[in-house]
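Remarks on the structure that follows.
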Amino acid sequence: DIRSLGCEEKRELLATIEQAVAFVTTMIFQDGSSQLSSEQVLTSSVKGVVVLVKNQTDHPCPPSYSSIDYTWNAANENDKLIYLKTEWSSLWEQEQQAHKKFAWQVLFQMLHCKVPIICFNAKDFLRTLLQVYGNEISWKQVADSVVLDPRIAAWLINPSDTVPSFESLIQKYFEKPFSMGTVNTDTGTLRNASVSTLKLFFLIYLYQYQNLRVNLEKLYNVMRYLARDLQVQGLWKLFCTLELPLIKILAVMETHKIHVNTQELKKTSDILGLRLKELEQEAYQVAGGQFLLTSSSQLREVLFEKLKLHVLCEKVHRTEIQQLVSTSEVVLNKLQDLHPLPKIILEYRQVHKMKSTYVDGLQTCIRKGFISSTWNQTGTVTGRLSAKQPNIQGISKHPVRITKKQYIKGKEAEIVTISPRTLFVSKKGYSFLAADFSHIELRILADLSSEPELLKLFQEPETTDIFSTVASQWKGIPSEEVKHADREQAKRIVYSVVYGAGKERLADSLGITPLQASQFIESFMQKYKKVHEFTKKTIEQCRNKGYVVSIMGRKRPLVNINAQDYKLRTQAERQAVNFVVQGSAADLCKMAMVEIFTSVVISPTLTARLIAQIHDELLFEVEDSQILEFSALVKRTMESLQQTTALEVPLKV
DNA sequence: ACGTGGACGCTACG
DNA sequence: CGTAGCGTCC
């Protein structure tokens, strides 16, 4: 505990840190739990930080990906365990101020000496430091720290297992050696002993403290094991140059708050609520009775048992599990001419989604007028990021038009357009800047397949509209005769190939039969033969190795690729193709994030901050005076990834 | 009567 | 293909 240290001892501690080969660390919460406890309470605030200082002199080697021979030391007789309190009740007391300052000094030195900091959920650790010392430091100061997160390592080795806790990580990688769970729980026996309350608390404190030391040792050993495994599997470079730098970027992103126009939010909620009431009444009228519009089972009853609309319609889509007639958008679209109800339901659903998810749902995420999403780096199997509370990646793009019946005298009707993205407002003197890769997945498909027709499409600068050109090429009609419907169809087919979608899903999205859909896919593959070769090669490779690989070497094992069951096997085949394209796109987008972050950190003037990543799009908040300079930097950096990754196809931003 | 958790359906995003 | 999140129903 640094509070018990004298002046000389503090100097010694800083010297020890200077010589450290690694730090193993965890946050401690008010309730006594840590980042290593499975029952992590999110509501409990942070009390302090415990650091195990690995202090060997033999092999001081940073985790540079070039040093494959990276050796770790497991011996621990020289290791120091330090406790840094980060929460202070009364800041005006001089003694406490001194402690806070010294704690910060220790952490600052840890972050800047380029010695690896090992932490389970490192992003939360960094974000907390940024929040606690927000007044003392700028976000740029976490940039040169080297953090290692074993959870991310485990996810990289197999993205299918999420590793929900530290305990599960230990169980997975050291199945028997340690007996987890038994160490942690038994404080009841202490309570029965006839000791004073003070002594009891001291014993519990000491007990947890020792337990923590053991767990931090385990964490270090797991990381050691995982590092070796990453190197063996060829994932070390990806880990060090992409995923680890990303931890800091996400931590910084989570500390940034986006302002929301709460008045407008309230107003639109009311408008949408009124419109829902109107639609509800209209639906009851044409249905000839009341029912719950949000219930698909009740709607199914009305549409198909009461009105018997499906008999007039051939081949309607069924639900996945129960194989009932679906009430989804595609089915409702087909039923539109038979009855007025489907159209009303479609509008109701659109408005309801808007209200519940993007307006009322957003409101629950707002704290003091601001929102900031939580980013999950290990939440997907494809290498993408995911976001929650709010899911900023899923916020509706297209506006919804509402014809508002004016209840105030005067105007009779008013058309209001509601687009949720406009509810976010930038800081004063700043603007939002969005930069997105144009058709990134299709470009990657072109590169991976080396399909000449597809490559030509992107290499020739006269191509203005990719999907119109594909439609004209594929159907063999002049580009002037390509209609909107042709373009839309071409787009859907292209992406069903890119995403590896099957005939069923394409059929649904186009409103055609699976047979017609498979014919479309076949004729597409006939035209672009190399694309077909690519999918065949990918599946074949997956069958042999048991996994597929993205352009940056990201892996996805697919155990079902050799399954007997047709459904399981073909699903794995589509997942294999999809992973290579989607995963490679994720690689590129993450690389762009890292490079832009580095440029901004190096620059003494640039202040632009990343706000969100919507897969192929990066959203920044930029000082108005820096927009031109920064947007040029972003565009240049993103497009130059073609050379960095040696792509055949140019990238366009 | 009320809350909770899981299965299921639907639909935004890419 | 694969995320989050809203909703009902049991």
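Below, chain A is the first sequence line, B the second, and so on; all start at residue 1.
- Trp155(A) pairs by the side-chain hydrogen bond (donor to acceptor under 3.5 Å, both in side chains) definition with nothing, not counting sequence neighbours.
- Residues in residues 354-369 of chain A take part in these salt bridge (charged side-chain N to carboxylate O under 4.0 Å, His left out) pairs, two or more places apart or across chains: Lys355(A)-Asp360(A).
- Pairs engaging residues 291-345 of chain A under the ring-ring contact (aromatic ring centres under 6.0 Å, His included) rule: Phe304(A)-His310(A) [sequence neighbours left out].
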Could you run down the sub-3.5 Å N/O contacts of the protein with nucleotides 4-8 of chain B?
none

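- In this structure Arg487(A) satisfies the salt bridge (charged side-chain N to carboxylate O under 4.0 Å, His left out) test together with Asp465(A), sequence neighbours excluded.
- Within the structure, ring-ring contact (aromatic ring centres under 6.0 Å, His included) pairs that include any residue of residues 377-400 of chain A do not occur (at least two apart or interchain).
- Residue pairs meeting the ring-ring contact (aromatic ring centres under 6.0 Å, His included) criterion with at least one partner in residues 541-597 of chain A, sequence neighbours excluded, are Trp139(A)-Phe597(A).
- Counting non-hydrogen atoms under 4.0 angstrom, Leu324(A) reaches nothing in the nucleic acid.
- A search for salt bridge (charged side-chain N to carboxylate O under 4.0 Å, His left out) contacts involving Arg554(A) returns Glu243(A), Asp587(A), not counting sequence neighbours.
- For the side chain to side chain contact (heavy atoms under 4.5 Å, CB included) with Ile345(A), the qualifying choice from Leu293(A), Leu335(A), Thr327(A) is Leu293(A), the only one to do so.
- The phosphate of dG9(B) (OP1 or OP2) has no side-chain N or O of Thr327(A) nearer than 4.0 angstrom.
- Contact check of residues 529-551 of chain A against DNA chain B (heavy atom, cut-off under 4.0 Å) returns no residues at all.
- In this structure, Arg318(A) has no salt bridge (charged side-chain N to carboxylate O under 4.0 Å, His left out) partners at least two apart in sequence or on a different chain.
- Among residue pairs with one or both ends in residues 346-392 of chain A, those qualifying as ring-ring contact (aromatic ring centres under 6.0 Å, His included) are His259(A)-Phe370(A), Tyr348(A)-His352(A); sequence neighbours excluded.
- Residue Ser496(A) is out of contact with every strand shown, counting any heavy-atom pair closer than 4.0 Å.
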For nucleotides 2-8 of chain C, tabulate all protein N/O to nucleotide N/O atom pairs closer than 3.5 Å, reporting atom names and distance.
residue: dG2(C); atom: OP1; partner: Arg556(A); partner atom: NH1; Å: 2.8
residue: dG2(C); atom: OP1; partner: Arg556(A); partner atom: NH2; Å: 3.1
residue: dG2(C); atom: OP1; partner: Gln575(A); partner atom: NE2; Å: 2.8
residue: dG2(C); atom: OP2; partner: Gln575(A); partner atom: NE2; Å: 3.2
residue: dT3(C); atom: OP1; partner: Val381(A); partner atom: N; Å: 2.4
residue: dA4(C); atom: OP1; partner: Ser386(A); partner atom: OG; Å: 3.4
residue: dA4(C); atom: O4'; partner: Asn391(A); partner atom: ND2; Å: 2.8
residue: dG5(C); atom: OP1; partner: Gln389(A); partner atom: N; Å: 2.8
residue: dT8(C); atom: O3'; partner: Ser295(A); partner atom: OG; Å: 3.2

